[in-house]
Amino acid sequence: MATSTDSTNLNFVGENLISKRRTFAIIAHPDAGKTTLTEKLLLYGGAIHLAGQVRAKKDRRGTRSDWMKLEQERGISINTSVMQFSYGDYVLNLLDTPGHEDFSEDTYRTLMAVESAIMILDGARGVEPRTIKLFEICKERKIPIITFINKMDLPAKETFELLDNIENVLGITCVPFVLPMGSGTYFKGVYNIRENTLHRFEKTVAGAFRVPEKVSGLDDPELKDIMGERDYGRFIDDVSMAREMLPDFDLDLFHATEITPVLFGSAGTNFGIELLLNEFLKLAPPPQKVIADDGSTIAPTDGDFRAFVFKLQANMNKAHRDRVAFVRILSGVFERGMQVFVPRLEKNVKLSSPVSFFGQERSTIDHAYPGDVIGLINPRLYQIGDMLCTGDVIKYSPLPVFAPEAFASLILIDTSKSKAFRKGIEELSEEGVVQVFNSDQQSPIVGGIGQLQFDVFKFRLEDEYGASCRIEPLGFECSRWIKNDSDINKFSRFDKIVKDIFNNNVVLFETRYRMESFTGDHPEVELLHHPPK
Ligand code: G4P
């Protein structure tokens, strides 16, 4: 979520409720260790008692419904789940973003509902493709990022190679808060540069809660012995290089996603997680005020209730054919049964069946506060981006449309179902499952961020509307809206011009290279990532 970094005016009765809340996501390329880190964070918060529960849930999910069957077949997590847990006197809302190869606009939208993110990298791999995409969204929305370099108990790249990799690929300045002492079998722990403490790694059975850490300083006489001459020399060089060359930490630059604190550790062996969690709680902003469309502010301390729908989830429970709207609270206190106004519908709605989440588990809630995510069960009522409010009606549009990167033609198999087919396309695109475009060809074109969106769309068209269809991939890999309609003649026959549902022209390019060379040849044509206003 685009946030203001002013956290000074949290001074009403509920200050503690707000200042002690953190709403965040973990962004990662698949396999970097997101599930493992989530599990360890939940263990610290006492939300689960045994390591392995998150994973166990992940594996079990497929048995719950047909919707889940799709997840199981693909071995992935389609749902963005939300987990609320406490740590000390903090309440943490962790919004999960699917890390599979195929991800969707839901992943992006979820990032609009958080105030910070933990970016987890595999120490042997550094920055990977999915990391880049998720990072770019965070950077664009100015979501502060804390970096955790994981799997240091396995052979990893050199410390400065990893820091350079982050800086060069992502263009963000690294400020290491801790440095690793070796890696793999030579991993001896981490050094907290700012507090001059060494946290020695002692391997325990994986998953042990609160790994024993022996804490000492850089002058620890045992250090050279444990590390060995060569690693010790390298480590001392790293420390002095970090001290001399790396910038000081600056909170404003962190809030502007210009710099990232970097910590090292091993989620698998539960080492360095407590350091990460403590730094995270110190640095990550609590719920922030946001700027409404008319320039006014919505502050978490405002008395009026304001919230927005960032995700719709259908068929979580097929027996009830229900649909859950995931709602992020911006201000005010939510109370079960309260009446809110939904400006798009121009009507009041009673919020009578709110649920909170813990992964796939739900329970009914009575109260929720700014920063929290609640689920509202109400078929077809809400749309993504809907505002729910009490008091003065205010417009806030936090959810941008993302330029699709995958496209396909949608072909109805049984033409007698064309009415249901059209209805399904309309309703599912309204729900944000895919974006729909029309062109000179008869079949509609669907666009999304990844193939997963098409699979979900096809599944739901068949399952809910009885309209079986074929999805034929189209060979375009990026798209842009055009600022000025008169420019469309400049595009060549390789680029396809289609219309979005608001009749705006959108150009589909076969390759990113083709788009870049078009921009070079025609600097006067303005290509937009989002529909023209
Ligand atoms: P993801 O959600 O980002 O996709 O990653 P996940 O946590 O599932 O971790 C991917 C693999 O990496 C898992 O192994 C996990 O155990 C391992 N892993 C995560 N953190 C660490 C770490 O700090 N050190 C080491 N050595 N391994 C780590 P797997 O074999 O795929 O699964 P499992 O059999 O361990 O469950």
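Whatever order the structure lists them in is the order used to number ligands and atoms, beginning at 1. Because only heavy atoms are used, hydrogens play no part in the values below, and waters and symmetry mates are left out as well, while side chains stay in. All values derive from a computational prediction rather than experimental measurement.
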Inset, instruction - Please identify which atoms of ligand 1 are closer than 4.0 Å to at least one heavy atom of Pro30. - result: 4 (O)

Legend entry - Gly33, any N or O under 3.5 Å of ligand 1 N or O: yes

Inset, instruction - Taking only heavy atoms of Gly268 into account, list the atoms of ligand 1 that are under 4.0 Å away from them. - result: 20 (N), 21 (C), 22 (C), 23 (O)

Inset, instruction - Classify the contact between Asp31 and ligand 1 as side chain, backbone, both or neither, using a heavy-atom distance cut-off of under 4.0 Å. - result: both

Inset, instruction - Report the distance from atom CD1 of Ile193 to atom CG of Leu179, rounding to the nearest 0.5 Å. - result: 3.5 Å

Inset, instruction - Kindly confirm or rule out a cation-pi arrangement of Lys20 over Tyr90, judged by NZ or CZ under 6.0 Å from the six-membered ring centre and within 45° of its axis? - result: yes

Inset, instruction - Inspect the contact between Lys458 and Glu462 and indicate whether a charged nitrogen and a carboxylate oxygen are less than 4.0 angstrom apart. - result: yes

Inset, instruction - Determine, using ring centers only, whether Phe280 and Phe148 are less than 6.0 Å apart. - result: no

Legend entry - Per-atom contacts of ligand 1 with Lys34, taking only distances under 4.0 Å to non-hydrogen atoms: 1 (P), 2 (O), 3 (O), 5 (O), 7 (O)

Legend entry - Proximity to ligand 1 by part of Leu154, non-hydrogen separation under 4.0 Å: side chain

Legend entry - Ionic contact status for Arg460 with Asp463, cut-off 4.0 Å: no

Inset, instruction - For Ser266, counting its heavy atoms only, list the atoms of ligand 1 lying under 4.0 Å from any of them. - result: 22 (C), 23 (O), 24 (N)

Legend entry - Glu279/Arg194 salt bridge by N-O under 4.0 Å criterion: no

Inset, instruction - Flag Thr269 as yes when one of its N or O atoms lies below 3.5 Å from any N or O atom of ligand 1, and as no otherwise. - result: no

Inset, instruction - Record the part of Asp153 in heavy-atom contact with ligand 1 below 4.0 Å; permitted values are side chain, backbone, both and neither. - result: side chain

Legend entry - Backbone or side-chain N or O of Leu37 under 3.5 Å from ligand 1 N or O: no

Inset, instruction - Look at the aromatic rings of Phe187 and Phe201 and report parallel, tilted or perpendicular, splitting at 30° and 60°. - result: tilted

